[in-house]
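Positions are given from 1, in the same order as the sequence printed here. From a predicted model like this one, the values you see are computed outputs, not experimental measurements.
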Amino acid sequence: MSDGAVLHVKGRVLAGPDDVRDELWVVGGRVCYDRPAGARDITTVEGWALPGLVDAHCHVGLGAEGPVDTDTAEKQALTDRETGTLLIRDAGSPSDTRWIDDRDDLPKIIRAGRHIARTRRYLRNYAWEIEPDDLVAHVAREARRGDGWVKLVGDWIDRDLGDLAPCWPREAVEAAIAEAHRLGARVTAHCFAENSLRDLVEAGIDCIEHATGLTEDLIPLFAERGVAIVPTLVNIATFPRLADGGEKKFPRWSAHMRRLHERRYDTVRAAYDAGIPVFVGTDAGGTLPHGLVAEEVAELVAAGIPPTDALAATSWAARAWLGRPGLEEGAPADLVVYETDPRADVRVLAAPRRVVLNGRVVE
Ligand SMILES: [Zn+2]
């Protein structure tokens with residue numbers, strides 16, 4: 001669009017779960033609810049509009065083998081954009097993707113720096129692999145490099161034990177989380193297991209990724225402290241295949257992964273019922289492809305979360321949690337338009353009619 005051109009979104013604008021409007025204007029790349037005076041060169045988009053979707057667990061610049069080149073990272077971001085994901089919380093990347101901030105045609109990214117894992121206790125080439133004595137220093141560094149988040153690997157297979165086990169002693173995570181908070185960063189951790197959770201939550205962690213090990217005994221503590229979870233159910237769906245692959249060498253781990261997978265929907269539903277904030281994350285970029293946001297929303301619905309709340313988990317609520325605006329007056333016009341009401345059937349998310357980023361219709 002040229003200067004002075006205006007975008008008119010009409011139909012239903014879902015500005016909030018209970019805030020539905022008939023139309024919205026985009027002027028100078030920003031949301032406006034009054035028809036601009038003297039508007040000319042008007043482009044109209046019709047349908048059901050949501051704020052740009054949020055993928056709260058995504059990795060840009062990361063592939064199955066570790067860091068990827070710039071072209072691949074760009075393709076990842078473009079794939080997310082096509083599916084309406086316009087705000088990403090990057091849950092750990094070994095690549096420097098800061099250049100994306102200068103591109104107003106790519107999704108906005110909130111980075112958690114690079115994963116921090118225990119030595120030989122994570123996927124190769126992904127993380128800083130360190131020992132507990134170095135945890136505070138690494139957390140401080142990633143807090144400064146990132147955009148307000150730090151990512152720990154909280155548990156992983158212990159090959160001697162042949163099962164999942166916590167990666168860090170309690171004192172180390174207490175000191176690390178306190179340091180992150182002192183620097184103004186929130187902390188999240190990858191956790192599959194049950195027994196890594198209590199120390200992290202009592203130490204003040206802000207979010208848990210996957211959270212498959214969340215059980216009845218800890219749910220009230222998560223709820224009371226407002227610790228969010230990002231279940232990444234599209235990733236948990238791969239557990240049976242992982243379990244098959246590890247069966248021979250690590251039968252205990254394999255059986256454990258199967259149990260976590262079997263109860264995944266019950267876990268998410270129990271967390272939701274207890275009032276734990278649940279957000280949409282796809283875990284794209286490691287072993288999973290980008291662009292799975294619609295599938296993850298459908299998975300949350302399959303787990304028993306009502307459609308409007310599953311949508312909130314990738315739109316209104318997720319944006320508020322990350323401190324980014326939705327479709328309020330004056331906000332950057334990042335929105336997705338669908339043919340039908342996504343609250344009636346979230347499957348429409350798989351086929352956006354139009355994606356608008358920074359006020360421009362994405363072709
Ligand atoms: Zn991940």
Side-chain angles (χ1 to χ4, degrees), residues 12-21 24 31 48-58 80 83-91 107-110 112 147-149 186-188 205-211 214 219 222-234 265 267-283 292-329 331-338 341-349 352:
R12 283 282 182 275
V13 177
L14 305 172
D18 305 307
D19 180 4
V20 183
R21 318 206 185 180
L24 168 159
V31 172
W48 298 75
L50 274 179
L53 305 188
V54 176
D55 186 344
H57 184 137
C58 186
D80 291 321
T83 59
T85 296
L86 303 183
L87 179 60
I88 288 168
R89 186 183 58 142
D90 190 303
K108 298 175 171 87
I109 304 191
I110 295 170
D147 302 309
W149 283 89
R186 289 188 269 182
V187 183
T188 191
I205 201 153
D206 302 282
C207 180
I208 296 288
E209 309 301 311
H210 319 299
L214 187 55
I219 283 177
F222 271 65
E224 181 193 307
R225 302 203 171 192
V227 179
I229 66 168
V230 182
T232 69
L233 287 168
V234 291
Y265 288 158
T267 304
V268 169
R269 178 61 199 255
Y272 168 81
D273 284 345
I276 294 173
V278 178
F279 296 108
V280 167
T282 67
D283 213 353
L292 297 181
V293 72
E295 272 111 301
E296 180 64 15
V297 174
E299 277 286 278
L300 292 182
V301 173
I305 297 185
T308 300
D309 286 349
L311 286 176
T314 190
S315 60
W316 318 294
R319 286 179 166 271
W321 178 59
L322 293 171
R324 295 298 174 100
L327 291 178
E328 43 266 41
E329 178 84 27
D334 293 352
L335 57 100
V336 198
V337 181
Y338 302 98
D341 186 351
R343 297 169 303 178
D345 187 347
V346 298
R347 283 176 302 181
V348 71
L349 296 189

When D55, V230, V54, I109 are each screened for side-chain contact (heavy atoms from CB on, under 4.5 Å) with R89, the one that passes is V230
Tested for side-chain contact (heavy atoms from CB on, under 4.5 Å) against D80, the lone hit among V293, L53, L292, I88 is I88
Is it the case that the side chains of T282 and E296 hold a donor-acceptor pair, with the cut-off being a distance below 3.5 Å and no angle test?
no
Correct closest heavy-atom pair for P277 and V227 would be CD-O, 3.9 Å
Heavy-atom closest pair (V31 atom, P332 atom, distance to 0.1 Å) is CG2-O, 4.2 Å
Please list every donor-acceptor pair under 3.5 Å in which a side-chain atom of residues 303-310 meets a protein atom from a residue at least two apart or in another chain.
unit_1, atom_1, unit_2, atom_2, d
D309, OD2, Y272, OH, 2.4

R12 meets the salt bridge (charged side-chain N to carboxylate O under 4.0 Å, His left out) criterion, sequence neighbours left out, with D22
Contacts of F279 meeting ring pair (Phe, Tyr, Trp, His ring centres under 6.0 Å) (sequence neighbours excluded), chain-then-number -> W321
- Query: Under the 3.5 angstrom rule, does the side chain of W48 hit a backbone N or O of R343 as a donor-acceptor pair?
  - Reply: no
For [X], all residues meeting side-chain hydrogen bond (donor to acceptor under 3.5 Å, both in side chains), sequence neighbours excluded:
X	answer
R186	none
D283	H57, H59, N235
D147	R98, R111

Inter-residue atom distance [X].[atom1] - [Y].[atom2], 0.5 Å rounding:
X	Y	atom1	atom2	value
Y338	D345	OH	CG	12.5 Å
L214	I219	CG	CD1	4.5 Å
T85	K108	OG1	NZ	13.0 Å
D19	W316	CG	CH2	10.0 Å

Residue pair W149 / D90, side-chain heavy-atom distance below 4.5 Å: no
Mind checking whether L50 and L349 have side chains closer than 4.5 Å, heavy atoms only?
yes
